[in-house]
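Each residue takes its place number in the sequence, starting with 1.
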Amino acid sequence: MSRPLRENLVVDDENGQSWVRCAKCSTTLSPVDEDWKTGCSVVVTAPTTAGPHRQLMLGKIAFEERYCPGCGTLVDVTFLEV
């Protein structure tokens with residue numbers, strides 16, 4: 001059985017275990033009781049990647065983007081203070 005966890009992530013039950021997986025390609029990120037973010041590919045980008053109007057935030061914040069390592073679907077974005 002599969003159920004949504006958040007956008008682009010699902011929890012799949014398989015053989016008595018539950019796993020966090022990408023909703024697009026079913027790549028397993030982690031067991032459900034562990035931090036699924038550790039199974040992602042991570043890219044840190046400047047705020048200007050969100051558009052030129054973010055120039056004022058340059059040097060103050062960055063985006064930590066987490067992607068599915070199987071298909072590259074974006075699953076999470078966190079703001080970081082720099």
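- Taking CG of D76 as the reference point, atom CG of L29 lies at 11.0 Å (rounded to 0.5 Å).
- Considering every non-hydrogen atom in both S30 and D35, the closest pair reads OG-C, 3.9 Å.
- Distance OG1/T27 to CG/L9: 11.0 Å, rounded to 0.5 Å.
- Using a 4.5 Å cut-off between side-chain heavy atoms of Ile, Leu, Val, Met, Phe, Trp and Tyr, with links allowed through other members, V43 and F63 fall into the same hydrophobic cluster.
- Legend: residues meeting side chain to side chain contact (heavy atoms under 4.5 Å, CB included) with S18, ordered by chain and number and at least two apart, are R3, V11, D13, V32.
- Atoms CG and CZ, from N8 and R66 in turn, are 15.0 Å apart once rounded to the nearest 0.5 Å.
- W36 and L74 end up in different hydrophobic clusters when Ile, Leu, Val, Met, Phe, Trp and Tyr side chains are linked at under 4.5 Å.
- Linking ILVMFWY side-chain heavy atoms closer than 4.5 Å, directly or via other members, places V10 and V75 in two distinct hydrophobic clusters.
- How far CG of D33 is from CH2 of W19: 9.0 Å, rounded to the nearest 0.5 Å.
- Linking Ile, Leu, Val, Met, Phe, Trp and Tyr whenever their side-chain heavy atoms come within less than 4.5 Å leaves V44 and V82 in two separate clusters.
- Residues S2 and D12 bring a donor and an acceptor atom of their side chains to less than 3.5 Å of each other.
- Rounded to the nearest 0.5 angstrom, R21 CZ and S26 OG are separated by 6.5 Å.
- Interatomic distance, C40 SG to Y67 OH, rounded to the nearest 0.5 Å: 11.0 Å.
- When every heavy atom of C25 is checked against every heavy atom of C68, the shortest pair comes out as SG-SG, 3.6 Å.
- Taking the side chain as every heavy atom from C-beta outward, L56 and L58 never approach each other to under 4.5 Å.
- Residues L5 and V77 do not share a hydrophobic cluster, clusters being chains of Ile/Leu/Val/Met/Phe/Trp/Tyr side chains in contact below 4.5 Å.
- K37 and E64 are not joined by a salt bridge, as no carboxylate oxygen comes within less than 4.0 angstrom of a charged side-chain nitrogen.
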